[in-house]
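Every value quoted in this text rests on a predicted model; they were computed, and no experiment measured them.
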Amino acid sequence: MPSQSGIPSIERWVRRILIGRWCRRHPPSQSVAILREQQHELVSLVETAGAEAITRVQIRRLPGLEHSSTNYSLAMVVDHLARVNRDLATTLESLAQNQPGTITVVIANYKPDPGAQPQQAMADLDASIAALEQSLADTGKLERSTQMHAHPWFGDLPATTWACFAPFHQTIHLKQARLIASALKSTARS
């Protein structure tokens with residue numbers, strides 16, 4: 001049963017551990033390259049889907065995702081990632097200056113637009129990754145930051161964890177996008 005924060009408590013606990021492991025294997029200095037590689041695959045999935053990229057598809061719930069995310073379109077996935085990445089960039093800028101983050105992470109604020117359009121969503125994703133690229137330009141500042149910033153599911157996270165959170169988060173949604181794309185192909189073949 002989901003907790004008040006959208007995913008089961010055990011998944012929140014496990015995800016927090018997995019985020020730590022991800023960050024040890026993929027330090028902040030690698031985040032932008034990973035994000036761009038993931039973006040390339042997302043763009044490919046959207047372009048392959050063509051007009052169907054706006055079609056909502058029912059998929060199984062992936063660990064770490066809310067039940068509401070089981071009925072997204074590819075454009076909605078990309079829109080969600082752009083929203084999250086944009087605010088992550090802003091948060092990282094504050095943390096790099098050893099200042100508290102100015103954005104309160106409220107999960108509802110990151111729900112995608114059900115009418116998201118692929119071209120706009122992809123442009124927004126590109127802009128959000130460019131903003132992350134700027135905020136990650138000096139990872140040394142993030143490593144020296146003593147500030148923490150709260151995530152509603154994972155609690156207070158240090159700047160270095162936020163710095164590698166974007167590609168970790170995007171990895172989960174890339175799996176979601178692959179499932180959606182696969183379902184679209186299956187429907188097209190039927």
Atom pair [atom1] ([X]) and [atom2] ([Y]), whose distance is rounded to the nearest 0.5 Å:
X: Leu125; Y: Arg86; atom1: CG; atom2: CZ; result: 12.0 Å
X: Ser69; Y: Ile180; atom1: OG; atom2: CD1; result: 8.5 Å
X: Arg24; Y: Cys164; atom1: CZ; atom2: SG; result: 10.0 Å

Would you mind reporting whether [Y] and [X] have side-chain heavy atoms less than 4.5 Å apart?
X: Glu41; Y: Arg178; result: yes
X: Leu81; Y: Leu174; result: no
X: Asn109; Y: Ile107; result: no
X: Thr102; Y: Thr90; result: yes
X: Met122; Y: Asp126; result: no
X: Val105; Y: His149; result: yes
X: Arg56; Y: Ser73; result: yes
X: Val43; Y: Val46; result: no

With a 6.0 Å cut-off on ring centres, are His151 and Phe165 close enough?
yes

Ignoring hydrogens and angles, state whether a donor on the side chain of [X] or [Y] is under 3.5 Å from an acceptor on the partner side chain.
X: Glu52; Y: Thr55; result: yes
X: Ser94; Y: Gln147; result: no
X: His173; Y: Gln176; result: yes

CA sep, side-chain torsions, deciding dist, call: Leu65, Ile172, side-chain contact (heavy atoms from CB on, under 4.5 Å)
CA-CA 8 Å; Leu65 296 182; Ile172 297 166; 3.5 Å; yes

Give me the atom names and distance for the closest heavy-atom approach of [X] to [Y].
X: Pro63; Y: Arg15; result: O-NH2, 2.7 Å
X: Met148; Y: Leu95; result: O-CD2, 4.3 Å
X: Leu92; Y: Leu142; result: O-CD2, 3.7 Å
X: Ala177; Y: Leu45; result: CB-CD1, 3.9 Å
X: Pro112; Y: Tyr72; result: CD-OH, 3.2 Å

Backbone N/O of [Y] and side chain of [X]: donor-acceptor pair under 3.5 Å:
X: Thr161; Y: Leu157; value: no
X: Arg144; Y: Asn98; value: no
X: Thr171; Y: Pro167; value: yes
X: Thr70; Y: Arg61; value: no
X: Gln120; Y: Pro118; value: no

side-chain contact (heavy atoms from CB on, under 4.5 Å), that's the test. Do Glu93 and Ser135 meet it? Break it down for me.
CA-CA 5 Å; Glu93 288 172 16; Ser135 64; 3.8 Å; yes

side-chain contact (heavy atoms from CB on, under 4.5 Å) between Ile34 and Phe168, worked out
CA-CA 9 Å; Ile34 296 168; Phe168 174 83; over 6 Å; no

Please lay out, stage by stage, how Leu179 and Arg60 fare under the test side-chain contact (heavy atoms from CB on, under 4.5 Å).
CA-CA 8 Å; Leu179 287 175; Arg60 66 181 168 84; 4.2 Å; yes

Transitive ILVMFWY side-chain link Val106 to Tyr110, under 4.5 Å
no

Please answer: with hydrophobic residues joined when any side-chain heavy atoms are less than 4.5 Å apart, are Leu184 and Ile54 in the same cluster?
no

Do you know which of Gln170, Lys111, His169 makes side-chain hydrogen bond (donor to acceptor under 3.5 Å, both in side chains) with His80?
His169

Is any side-chain N of the basic residue among Arg83 and Asp87 closer than 4.0 Å to the acidic one's carboxylate O?
no

